[in-house]
Participant: 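First the structure, then my questions, so here it is.
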There are 2 protein chains.
Amino acid sequence: MRLSKRGEYGLRAMIVLAEPVDKNAMPVVQIKEIAQREQISPKFLEQILLALKNAGLLHSKMGVGGGYYLARSPREITLGQVFRVLDGPVAPIKCVSQMSYEPCGCPDEQTCGLRQVMGDVRNAIADILDNTSLADVVKRQSTVRKKLGIK
Amino acid sequence: MRLSKRGEYGLRAMIVLAEPVDKNAMPVVQIKEIAQREQISPKFLEQILLALKNAGLLHSKMGVGGGYYLARSPREITLGQVFRVLDGPVAPIKCVSQMSYEPCGCPDEQTCGLRQVMGDVRNAIADILDNTSLADVVKRQSTVRKKLGIK
DNA sequence: TTAAAAGTATACTAGTACTATAGACTTTAT
DNA sequence: ATAAAGTCTATAGTACTAGTATACTTTTAA
């Protein structure tokens, strides 16, 4: 479960989009703005957001005043969903992947001790990523900010 | 935490070396034998075992009748130790790595929600890998074999 | 003492993934 | 009509992966 820059930027952008904005009916945010706030190359971010859109996690509005917005409530989008779109399976090795299994080359999968342990690792990672929503992250951030007396 | 072939082969080899042999004083195993049993290119395995030796996890004996053997008891070698030699840090992102920290580019590390979650992931992975020894894996394998009535 | 077995060390390579960058195109508000 | 904004595809440099290849050293046994 290595987080690539692609995955990192995508997750950061999704978290930005999940932050509570002034109660507009449609809190559309432009690529440019996200890129600036998070110090990301706008052109690179473009590709990433497009991928998230094609995966159904984001919607967009073209033209003047357009931008991106979450396809569902922040409570209903998990980090696991975003991660899998951008960085693929969560499992450290294909033979323990739930979403995209493939055999590795070991003599006997059933009795392979390494596979058992890696299965545990996969489950530990998936437990966290699939049970943490964008809303959870935003909440956690603001808790820390309060504790530190920031903003 | 993606397990490369290098890491996979190395871990598999270490598990083989941890399996209980006839009670010889020094259970030395040759590269060739491990490579055959685990279906690994001998030349590739050579590099991997050498790296593990230079890291102090294996010892070797040159010449006729030589080979590799564990530097310590299987109980005292963890999967985490082996993994880090071959595949580097366990953390999904550098800014949460305990063993080899580096800042990522986020605006503020202290309040970065993504970083907090990735820290949890790192800890979950490290908990498993650093608390599972080669002996544990061997034991688990034989338990499964018994349950299945194999060999 | 010499040949063969075994590990040591380094260099090289083909393929793939990562991290962007670039440019042309489409849609929409004003 | 124009400018703002997203869409789509191609390309490029770099690093990493998974090996291969080759030459060398140490050790044992005949």
Side-chain angles (χ1 to χ4, degrees), chain A residues 1-13 17 26-36 38-71 83 85-89 92-94 104-105, chain B residues 1-13 17 26-36 38-71 83 85-89 92-94 104-105:
Chain A
M1 215 288 302
R2 169 137 305 136
L3 186 63
S4 69
K5 281 294 174 188
R6 205 172 132 82
E8 181 195 329
Y9 293 164
L11 282 162
R12 291 235 292 261
L17 287 168
M26 187 181 278
V28 203
V29 185
Q30 293 107 342
I31 293 179
K32 226 187 265 181
E33 197 187 316
I34 303 176
Q36 245 168 11
E38 300 288 329
Q39 314 263 48
I40 304 171
S41 147
K43 271 303 198 179
F44 191 25
L45 184 57
E46 209 177 275
Q47 291 179 3
I48 296 166
L49 296 186
L50 194 53
L52 290 170
K53 189 206 160 177
N54 291 334
L57 297 177
L58 284 181
H59 288 163
S60 66
K61 204 186 147 200
M62 270 185 155
V64 178
Y68 283 96
Y69 55 99
L70 298 182
F83 180 92
V85 169
L86 299 172
D87 277 353
I93 189 171
K94 284 167 286 178
C104 61
Chain B
M1 215 289 304
R2 170 138 306 136
L3 186 63
S4 69
K5 281 294 176 188
R6 203 172 131 82
E8 182 195 328
Y9 294 163
L11 282 163
R12 292 235 292 262
L17 287 169
M26 184 181 280
V28 203
V29 185
Q30 292 106 343
I31 294 179
K32 227 187 263 180
E33 197 189 314
I34 303 176
Q36 245 167 13
E38 300 288 330
Q39 313 262 53
I40 304 171
S41 147
K43 272 302 199 180
F44 191 25
L45 185 56
E46 213 176 271
Q47 289 180 4
I48 295 166
L49 296 186
L50 194 53
L52 290 170
K53 189 206 160 178
N54 291 333
L57 297 178
L58 285 180
H59 287 163
S60 67
K61 203 187 148 198
M62 271 186 154
V64 179
Y68 282 95
Y69 55 98
L70 299 182
F83 181 92
V85 169
L86 299 172
D87 277 354
I93 188 170
K94 286 168 285 176
C104 60

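Note that the structure is predicted; figures quoted are calculated from it, not measured. Side chains included, hydrogens not; waters and symmetry mates left out as well; all remaining heavy atoms used. Throughout, protein chains are lettered first and strands after them, A, B, ... in sequence-line order, and every chain is numbered starting at 1.
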Participant: Please evaluate the base of D:dG6 for a donor-acceptor partner in the side chain of A:K32 within a cut-off of under 3.5 Å?
Facilitator: no

Participant: B:L58 vs B:L70, test: side-chain contact (heavy atoms from CB on, under 4.5 Å). Steps then yes/no.
Facilitator: CA-CA 5 Å; B:L58 285 180; B:L70 299 182; 3.7 Å; yes

Participant: With side chains defined as the heavy atoms from C-beta onward, is the minimum distance between A:L17 and A:I34 less than 4.5 Å?
Facilitator: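 SC-SC contact between A:L17 and A:I34 confirmed.
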
Participant: Under 4.0 Å, heavy atom to any atom of DNA chain D: which of residues 44-54 of chain A qualify?
Facilitator: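 Contacts with DNA chain D under 4.0 Å: A:E46, A:Q47, A:L50, A:K53.
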
Participant: Atom CZ of A:R2 to atom C1' of D:dC16: distance rounded to whole Å?
Facilitator: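 Atom-to-atom, A:R2 to D:dC16, this comes out as 11 Å.
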
Participant: Could you give the NZ-to-P distance, from A:K43 to D:dG6, as a whole number of Å?
Facilitator: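 A:K43 atom NZ is separated from D:dG6 atom P by 11 Å.
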
Participant: Could you tell me how far apart A:E33 (CD) and D:dA4 (C1') are, to the nearest whole angstrom?
Facilitator: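 A:E33 atom CD is separated from D:dA4 atom C1' by 15 Å.
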
Participant: Just wondering, do B:E38 and B:Y9 contact through their side chains at under 4.5 Å, heavy atoms?
Facilitator: no

Participant: Can you check the A:E38 CD to C:dT19 P distance for me, whole Å?
Facilitator: 17 Å

Participant: Once you round it to whole Å, what is the distance between C1' of D:dA4 and CE of A:M62?
Facilitator: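 Rounded to whole Å, this separation is 11 Å.
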
Participant: Record whether the side chain of B:K61 comes under 3.5 Å of the base of D:dT26 through a donor-acceptor pair of N or O atoms.
Facilitator: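 Checked by distance alone, the answer is no.
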
Participant: Roughly how many Å is it from CD1 in B:I93 to P in C:dT19, rounded to a whole number?
Facilitator: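 Taking atom P of C:dT19 as the reference, CD1 of B:I93 is at 10 Å.
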
